[in-house]
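As the structure is a computational prediction, the values presented were derived from the model and not from experiment. Below, read A as the first sequence line, B as the second, and so on, with proteins coming before strands; counting in each chain starts at 1.
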Number of protein chains: 2
Amino acid sequence: MGIEPVERGSKVYLEIVKQLRIMIEQDGLKPGDKIPSERELCERLNVGRSSVREALRALELLGLIETRRGEGTFIRDFRSNQLVQLLGTFVLQDTKAKQDVIETKYLIELDCLRLILRRNNEEQLENLKEWIECAEFTDDQFFIKIVELADNHLFYRIWSILNDYYDALKLPRIERKNPYYSAIVHALLGGKEAEVLRSYYSLRKLSND
Amino acid sequence: MGIEPVERGSKVYLEIVKQLRIMIEQDGLKPGDKIPSERELCERLNVGRSSVREALRALELLGLIETRRGEGTFIRDFRSNQLVQLLGTFVLQDTKAKQDVIETKYLIELDCLRLILRRNNEEQLENLKEWIECAEFTDDQFFIKIVELADNHLFYRIWSILNDYYDALKLPRIERKNPYYSAIVHALLGGKEAEVLRSYYSLRKLSND
DNA sequence: CCCCATAAGTGGTCAGACCACGTATACTTA
DNA sequence: TAAGTATACGTGGTCTGACCACTTATGGGG
């Protein structure tokens with residue numbers, strides 16, 4: 001059969017988590033794929049359904065799987081931001097230092113700009129340039145694209161959370177016109193870090209120290 | 001009473017997670033403290049015990065709580081490596097994800113170095129200098145101090161988590177001697193960003209592009 | 001006063017029941 | 001035949017009650 005009975009000694013639900021991992025690996029399951037139903041897992045592993053559910057619920061809270069009532073349980077794209085979200089509500093609850101949120105958001109945006117420079121993907125930058133010329137957009141929308149271009153999912157997740165907090169701060173919005181964003185993209189295309197930073201500082205009205 | 005009945009609409013166990021968070025906050029519970037027993041939570045929240053357990057097991061897998069049979073359930077010190085372990089086995093298989101972890105950790109360390117430069121607290125830097133001259137320390141220990149000096153709680157949290165992931169990757173350790181760290185501190189005292197970055201790249205054996 | 005047997009409390013697990021929801025099936029109807 | 005509808009089935013969602021294993025508090029006997 002392939003699935004050994006659950007070992008004793010540790011908690012059953014942890015064993016089930018382990019077995020699920022093995023199962024996913026062996027069967028080569030990918031995000032979007034369906035995993036066996038709860039009742040089938042009970043039989044395969046010789047455990048109670050409540051134990052299976054404890055394992056599945058835990059993985060669900062982690063954002064590793066997704067359950068749809070009446071349909072089944074599916075593997076999720078691991079890069080979802082579920083976990084950061086959760087840690088946000090639990091860990092960051094006492095750390096709402098406005099200043100930290102702002103500072104961190106800005107620094108990560110800068111990091112993303114540096115990453116884009118490093119990646120040096122001219123084609124995507126040209127697309128971005130075209131987009132900002134043709135479309136109306138908000139600051140958020142612009143930086144979503146920036147963070148995406150940086151191509152680092154961790155930064156993407158962290159930035160998303162930070163941005164939510166940032167929005168929640170309801171700071172007086174500084175409305176910026178296209179030229180500020182154009183300058184950044186232009187600088188990115190130019191490949192000069194100093195100029196990129198300068199254009200970002202200018203957008204954010206920060207001193208360039 | 002203070003605990004409202006669980007709202008409908010979303011899954012019960014998620015509501016319980018939320019209520020627990022509120023409960024912890026309101027009662028000012030800290031790591032090590034005991035939370036109500038499963039059966040008591042059932043009554044307080046008017047839900048079945050299995051739902052309570054689903055919530056608790058999920059939080060346990062995340063490392064946010066700890067359960068001891070016969071004793072009870074306790075709040076745990078966050079930043080424990082529980083979730084790291086788990087995501088290590090589930091998520092970090094993905095090489096892209098590994099790459100992201102490393103990259104993000106390094107970039108945040110760089111950000112912290114920049115923050116220290118900006119803060120310009122010479123006294124604390126002198127203390128750090130003294131410490132690295134007199135004590136044995138690991139890379140982790142050094143950067144804990146760096147991140148602390150950066151004085152941004154968000155970065156501290158994020159870095160802690162990233163560092164746990166990083167450790168879980170079990171990369172071949174590059175052993176570095178004191179001079180590398182001294183160079184960084186020296187550069188920080190000098191106040192020249194370029195030199196700070198150079199000394200960091202040197203430590204991490206990164207190209208300085 | 002100390003020690004140990006018992007009771008009470010707690011988490012761990014299982015089994016079964018029922019509900020809500022989505023889908024596939026088979027039947028009815030135009 | 002084709003479209004639409006009603007039913008059955010599979011799935012997750014939740015609750016209840018039962019039993020076990022373990023820890024701690026209790027109280028009686030030495």
When you get a sec, tell me which of [options] is the closest nucleotide to the side chain of [X]?
X	options	answer
Val12(B)	dT11(D), dT14(D), dT10(C)	dT14(D)
Arg69(A)	dC15(D), dA20(C), dG11(C)	dA20(C)
Ser51(B)	dT14(D), dT11(D), dC14(C)	dT14(D)

If you compare every side-chain N and O of [X] against the phosphate oxygens of [N] (OP1, OP2), does one of them come in below 4.0 Å?
X	N	result
Arg53(A)	dG13(D)	yes
Thr67(A)	dT11(D)	no
Arg68(B)	dT24(D)	no

Could you tell me how far apart [X] ([atom1]) and [N] ([atom2]) are, to the nearest whole angstrom?
X	N	atom1	atom2	value
Glu66(A)	dC21(C)	CD	C1'	15 Å
Glu15(A)	dC14(C)	CD	P	12 Å
Glu38(A)	dC21(C)	CD	P	17 Å
Lys11(A)	dC20(D)	NZ	P	21 Å
Ile35(A)	dG12(D)	CD1	C1'	12 Å
Glu54(A)	dG13(D)	CD	P	14 Å
Ile65(A)	dT11(D)	CD1	P	15 Å
Phe74(B)	dG11(C)	CZ	C1'	11 Å

In Å, rounded to the nearest 0.5 Å, how long is the span from CG of Leu110(A) to CZ of Arg204(A)? 9.0 Å
Check [Y] with [X], please: is the shortest side-chain N to carboxylate O separation under 4.0 Å?
X	Y	result
Glu148(A)	Lys145(A)	no
Glu43(B)	Arg39(B)	no
Arg76(A)	Glu60(A)	no

Contacts of Arg49(B) and Gly70(B) projected onto DNA chain C by closest heavy atom; the upstream (5') one is Gly70(B)
Contact class for Ser50(B) vs. all strands (heavy atom < 4.0 Å): base, sugar-phosphate, or nothing? base
May I ask you to check whether Trp159(A) and Phe143(A) place their ring centres under 6.0 Å from each other? no
What do you reckon, is CD of Glu130(B) surrounded by more than 12 foreign heavy atoms closer than 6.0 Å? no
Just by distance, do the side chain of Asn178(A) and the backbone of Ile132(A) share a donor-acceptor pair under 3.5 Å? yes
Between dG12(D) and Arg39(A), counting only base atoms on the nucleotide and side-chain atoms on the residue, is there a donor-acceptor pair under 3.5 Å? yes
Students should find that the end-to-end axis angle of the helix from dC1(C)-dG30(D) to dA30(C)-dT1(D), with five pairs defining each axis and rounding to 10 degrees, is 10°
If you assign each of Glu71(B) and Glu40(A) to its closest nucleotide in DNA chain D, which residue comes earlier from the 5' end? Glu40(A)
State whether Tyr181(A) and Arg176(A) meet the cation-pi test: NZ (Lys) or CZ (Arg) under 6.0 Å from the six-membered ring centroid, and within 45° of the perpendicular axis. no
